[in-house]
Peer 1: 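Dropping a structure here in structure tokens format, bear with me for questions.
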Amino acid sequence: MGSSRVELNITSHTACLPVVRGAVERMAGLSGFTDDDAHGLTLAIDEALANVIKHGYDGREDQPITVQLSPVTADDGRRGIEVQVRDQGRQTDPGEISGRPLDEVRPGGLGVHIIRAVMDECDYSCPPEGGMLLRMVKYVSLKKGAQTGEADRPAASTDA
Amino acid sequence: MIENNLVKEVRKSSDATVVALSGDVDLHHSPALHAALIDVAKGRPKRLVVNLSEVPFMDSSGVGTLVEVFRRVSAYKGKMVLCGMTSRVRSVFEITKLDRFFTICETEEQAAQV
């Protein structure tokens, strides 16, 4: 992917979710992500967007959301993708955004837990201009037994 | 039957009702899927089998929908079984630890007997 950055500007309509997932899957594949890692990244972004639609915009379908995907490199050389999800919805204290305990079996409240489980970095903030910014990063997983630095070798299809 | 393009097929027998789904289960489709499955549960099948073999993606809204239907079925002492999960869908149940809550089988045949 080189230094290319992808920016998706969508409305808060749930019909946009599969379009974003498709783009994320493609970028993850080009960045050398395994199938599991690509799914984790895609799932986390889907959950983040669903939370913005449900909680930030209270289900309104015509509000702006920007998803920015940028290639990054970990200190140990592994490739990764940084994701920024920016909205103009209701602000929430980042300290109050947490996944609920899983010992209680009920619908809802699982999105943040999933995001934190699959991503390597995850930070919410309230920009002074309004809305919320979610920044998260996922790196290519180290293969079992791999030495640091091995994972930065490009996958065969990376430079397609 | 409530129309839902995720519901590929509903098969009923004396022992079980099998609902086969096809497509991504996300926030866009979950409300209609919820309505469709609750509609099936209103028939109080002894065993409700949800076949997920043609579901390539499911997010927490889909998992939550299945939890709600499970509660509805359990309320009348019915049994709900999930089968045919792809590894991607199964991973969502594992992350949320709901793989310990649901009865999950590999095949529809196993789901009919467990």
Side-chain angles (χ1 to χ4, degrees), chain A residues 10-25 28 33-61 65 99-119 138 141, chain B residues 4-6 21-38 41 50 52 54-75 79-82 85-104:
Chain A
I10 62 170
T11 60
S12 53
H13 197 294
T14 53
C16 293
L17 293 174
V19 179
V20 175
R21 291 200 301 269
V24 172
E25 282 270 354
F33 277 46
T34 63
D35 187 70
D36 283 350
D37 287 338
H39 174 244
L41 177 69
T42 305
L43 178 64
I45 295 175
D46 176 275
E47 296 289 353
L49 293 175
N51 280 342
V52 169
I53 293 169
K54 283 188 295 185
H55 306 301
Y57 288 134
D58 293 323
R60 281 175 289 157
E61 298 177 337
I65 307 175
R100 66 170 173 78
L102 297 181
D103 51 2
E104 187 183 349
V105 178
R106 61 176 170 84
L110 296 172
V112 174
H113 174 85
I114 289 172
I115 291 169
R116 293 195 188 280
V118 301
M119 299 301 283
K138 182 156 186 68
S141 294
Chain B
N4 182 300
N5 58 12
L6 271 184
L21 307 183
S22 180
D24 288 358
V25 184
D26 61 7
L27 187 62
H28 188 59
H29 290 107
S30 287
L33 176 62
H34 178 269
L37 290 176
I38 291 296
V50 182
L52 300 169
E54 293 184 24
V55 174
F57 178 87
M58 181 180 292
D59 67 12
S60 64
S61 70
V63 171
T65 291
L66 293 175
V67 169
E68 289 190 5
V69 176
F70 177 90
R71 287 180 163 179
R72 183 69 67 98
V73 172
S74 297
K79 187 175 182 67
M80 180 171 162
V81 184
L82 307 179
M85 281 186 192
T86 62
S87 61
R88 286 186 163 206
V89 170
R90 185 162 193 125
S91 74
V92 182
F93 284 79
E94 290 170 353
I95 292 168
T96 56
K97 302 196 187 307
L98 287 169
D99 55 327
R100 306 170 187 174
F101 173 73
F102 284 101
T103 301
I104 299 172

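Protein chains get the first letters and strands the later ones, always in sequence-line order, with residue 1 at the start of each. On a predicted model such as this, the values are computed, not experimentally measured, just so you know.
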Peer 1: Starting at CG of B:L27, measure out to CG of A:N51 and round the result to the nearest 0.5 Å.
Peer 2: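 CG of A:N51 is found 9.0 Å from CG of B:L27.
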Peer 1: Using non-hydrogen atoms and a 4.5 Å limit, figure out which bit of A:A117 sits close to chain B: side chain, backbone, both or neither.
Peer 2: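 Contact with chain B involves the side chain of A:A117 alone.
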Peer 1: Sort B:S87 into side chain, backbone, both or neither according to what part of it lies under 4.5 angstrom from a heavy atom of chain A.
Peer 2: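 When you check distances to chain A, no heavy atom of B:S87 falls under 4.5 Å.
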Peer 1: Select one option (side chain, backbone, both, neither) describing which atoms of A:D35 are under 4.5 Å from chain B's heavy atoms.
Peer 2: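 For A:D35, the contact with chain B is made by backbone and side chain together.
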Peer 1: Ignoring hydrogens and angles, write down the donor-acceptor pairs under 3.5 Å from the side chains of residues 95-102 of chain B, residues two or more places apart or on other chains.
Peer 2:
unit_1	atom_1	unit_2	atom_2	d
B:T96	OG1	B:V92	O	2.8
B:T96	OG1	B:F93	O	3.3

Peer 1: How long is the gap from CG on A:D46 to CZ on B:F57, to the nearest 0.5 Å?
Peer 2: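 That separation rounds to 3.5 Å.
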Peer 1: Give the minimum heavy-atom separation between B:R88 and A:H39, together with the two atoms involved.
Peer 2: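 Distance-wise, the nearest heavy atoms are O-CE1, 3.2 Å.
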Peer 1: Any chance you could measure A:H113, atom NE2, to B:S60, atom OG, to the nearest 0.5 Å?
Peer 2: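 If I round to the nearest 0.5 Å, the distance is 11.0 Å.
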Peer 1: Does atom CZ of A:R21 have more than 12 heavy-atom neighbours, drawn from other residues, nucleotides or ligands, at distances under 6.0 Å?
Peer 2: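 Result for CZ/A:R21: enclosed.
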Peer 1: Can you see which heavy atom on B:H28 is nearest to which on A:L17, and at what distance?
Peer 2: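 For B:H28 and A:L17, the tightest heavy-atom pair comes out as N-CD1, 4.4 Å.
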Peer 1: Under 4.5 Å from any heavy atom of chain B, what part of A:E25 do you find: side chain, backbone, both or neither?
Peer 2: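 For A:E25, the contact with chain B is made by the side chain alone.
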